[in-house]
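All ligand and atom numbering here is 1-based and tracks the order in the structure.
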Amino acid sequence: MNSELYLDANATSPVLPAAIEAATTAMHTCFGNPSSSHAAGLRAKALLDGTRALARRVLGAATGRVMFTSGATEGIQTAVLSALCAVRERRLHGEVCGDLLLYGATEHKAVPESLAHWNRLLGLNLELRALPVGADGRHRLDVLRELAPRAAFVCTMAANNETGVVSDLDGIAAVLKESASPALWMVDCVQTLGKLPLQLDRSRIDYAPFSGHKLYAPKGIGLLYVREGAPYTPLMCGGGQEAGQRSGTENMSGIAALGAVLAALEAGGTFRTHGQLLAMRERLAAALLNAFPGLVFNAPLAQTLPTTLNFSVPGVSSKELLDVFDAAGVRVSAGSACSASKAAPSYVLDAMGVPAACSASAVRLSFGPLADEAFIEAACERILRCGHALLEARPAAMLQQLESFGASGWLLFDEAGSACIAIDPPAALAPRIAAGLRACCCRLLACFDTSHGAGGADALGELMNVTPGWPGEGAGIALGQDLLVQRGDAFLFGRARDGVLALADVRFVFGASNLDGVAGSALCCHRIGEPAVSRPGIDPLPDEGIDLDAVSAAAYLESHPDALLVDVRELPEHTAGAARLHGRAALHVPLSELAGRAAQWLDQPRPLVFVCRSGNRSARAARTLRRLGHAQCWHVAGGLALAG
Ligand code: PLP
């Protein structure tokens with residue numbers, strides 16, 4: 001198993017050892033309630049006050065309010081509530097204060113969602129308007145200049161979490177200053193703490209939320225700065241803690257841990273300097289360019305945080321890249337952690353006008369200012385390994401499934417892998433298929449769509465210089481010793497005898513199912529639906545009970561020496577890091593090649609245990625085999641991620 005290299009610091013960071021120690025000490029010896037008047041309470045109060053004073057120094061906020069929150073989402077919420085209550089007040093007094101709530105188009109979702117929420121709850125009916133960004137990801141100051149006179153409240157982040165683009169805060173401040181009735185201004189500073197210098201009380205910023213877990217403090221602790229004189233309304237009322245600004249007994253262990261991080265920032269020496277971080281990122285950028293020819297960065301590096309790289313590899317989806325990185329033990333993400341579980345393209349890259357193809361392939365790599373040379377060295381080496389894994393991937397299977405948006409196409413190879421036929425290739429995958437075939441010097445003999453095809457054969461044919469379409473009625477295409485022939489709607493493939501394919505020798509059927517006379521072991525390969533293959537005349541077995549957790553999988557493998565452990569991850573992932581489970585090496589059969597192998601497992605049944613990264617693909621593999629009639633197949637739920 002690879003050691004883990006965590007390069008997703010913009011999502012969250014590990015906890016600084018000194019912060020763990022400070023939190024533990026706070027729980028052991030400083031557990032008092034800071035509102036209590038006895039000695040235990042006074043000790044806690046001293047810790048609270050000391051940490052706030054430290055925060056003021058680090059943030060450059062000698063004046064104004066600095067309060068502890070549960071994190072940036074709460075800070076944002078409080079700032080939005082405060083600003084919107086002030087707008088309501090001003091309106092009630094007949095003051096003109098603008099009708100727009102303006103927020104940067106690339107803000108974290110916490111901002112527009114909070115604006116919409118409180119606008120609705122307070123019945124303000126202000127118009128929410130996204131302030132566009134340019135191709136460089138920075139706010140369009142010309143548009144801001146136009147809209148500022150109408151703005152009641154403006155929200156712009158200091159640096160973006162997906163791209164690392166650093167905002168031109170001086171430019172925004174200057175534009176806001178020009179306006180006759182300057183709007184209130186919130187700057188989400190989450191991604192800048194510890195990476196860029198801050199001097200809040202010298203700025204015009206009214207509200208600045210921070211989050212501890214983005215800089216080596218634990219989750220659940222944050223800070224909110226409010227400029228002196230800026231309107232304030234508490235979000236939480238109760239016992240009057242935090243001078244009545246934020247009720248609720250303070251999270252003392254979190255505050256102590258955040259204090260340790262702030263102390264390290266103030267003292268210097270723990271975190272890398274801006275110049276050192278830039279040099280580290282340069283090395284990572286060079287390794288990426290070296291590893292993935294054609295790689296593009298999605299934001300100009302000169303205007304981004306020195307710890308963030310957002311890039312795309314043309315023709316390779318984010319999902320594929322993440323799978324390869326994950327297999328190599330490199331933890332990166334496709335965008336913000338909050339949207340990682342949603343398949344939607346990045347609204348941040350969309351707002352920058354990044355082409356859809358690039359956005360579909362985007363990956364964010366981010367590291368924290370605690371990184372050292374050895375870590376960067378290891379990351380560069382691992383990145384190169386991922387690049388090789390992706391380039392070396394070549395189709396070795398007889399039958400490969402091409403999957404795109406729920407539709408399947410198929411590539412049939414000869415045994416040497418030197419020639420192939422494409423059936424119903426998805427148009428969106430045509431460039432990938434062409435590049436893959438060229439990379440392994442595989443000749444495309446023919447490409448065609450069956451009657452249910454999606455028309456991708458034209459696109460692939462053009463790229464590979466092959467005339468698309470079936471060669472003609474009564475024709476057959478030879479592939480080594482095998483033959484593909486047409487029978488009505490169906491295309492039949494199998495071993496030819498004396499140049500003729502008998503129905504009893506058919507192995508795969510495309511374009512139709514239920515053909516009389518075809519061998520019972522033949523697999524019908526579908527264009528739509530799961531499973532993508534079926535066996536006519538076979539009753540599918542139920543797929544309940546296919547899950548084995550890591551412990552029961554180990555026990556099963558131990559008690560069934562004949563069981564085959566099968567890694568169904570794609571080849572680049574396997575190349576980046578081979579799968580093992582409890583000392584047993586897995587046979588590698590990627591999900592895309594499962595149909596080709598299924599026939600063999602059905603002919604000679606033996607217990608099968610499928611495994612993949614997270615358990616999704618292995619569950620599909622086990623379901624597919626059950627539906628083909630294989631009774632003894634299971635998968636490792638949770639995958640290598642939990643079993644490792
Ligand atoms: N703002 C930005 C720019 C962020 O990256 C995040 C974290 O994902 C947040 C706000 C929300 O922070 P928290 O997780 O502390 O609520």
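Of all atoms in ligand 1, listed by their number and element, those nearer than 4.0 Å to a heavy atom of His213 are 13 (P), 14 (O), 15 (O). Close approach of ligand 1 to Lys214 (heavy-atom distance below 4.0 Å) involves ligand atoms 5 (O), 6 (C), 7 (C), 8 (O). Counting atoms of ligand 1 from 1 in the listed order, those under 4.0 Å from a heavy atom of Ser211 are 13 (P), 15 (O). Taking every heavy atom of Gly71 and a limit of under 4.0 angstrom, the matching atoms of ligand 1 come to 15 (O).
Considering backbone and side-chain N/O of Ala72, one or more are found under 3.5 Å from N/O of ligand 1.
In the model, Thr273 has a side-chain atom that pairs as donor or acceptor with a side-chain atom of Gln276 under 3.5 Å. Counted by atom type alone, Thr156 and His139 present zero donor-acceptor pairs between their side chains at under 3.5 Å. A side-chain donor from one of Asn298 and Ser312 sits under 3.5 Å from a side-chain acceptor of the other. Between the side chains of Thr63 and Arg56, not a single donor N or O lies within less than 3.5 Å of an accepting N or O. A donor-acceptor contact closer than 3.5 angstrom is absent between the side chains of Thr163 and Asn310.
You'll find the ring centres of Phe210 and Tyr225 outside the 6.0 Å limit.
Without hydrogens or angle criteria, Ser361 side chain to Val316 main chain gives a donor-acceptor distance under 3.5 Å.
Taking 4.0 Å as the cut-off, Lys219 does not count as a neighbour of ligand 1 on heavy-atom distance. The shell of residues lying under 4.0 angstrom from ligand 1, judged by heavy atoms, excludes Glu107.
Taking only non-hydrogen atoms, the option from Lys109, Met157, His108 nearest to atom 9 (C) of ligand 1 is His108. Here the shortest heavy-atom distance to atom 3 (C) of ligand 1, taken over Thr192, Asp188, Ile76, Thr73, belongs to Asp188.
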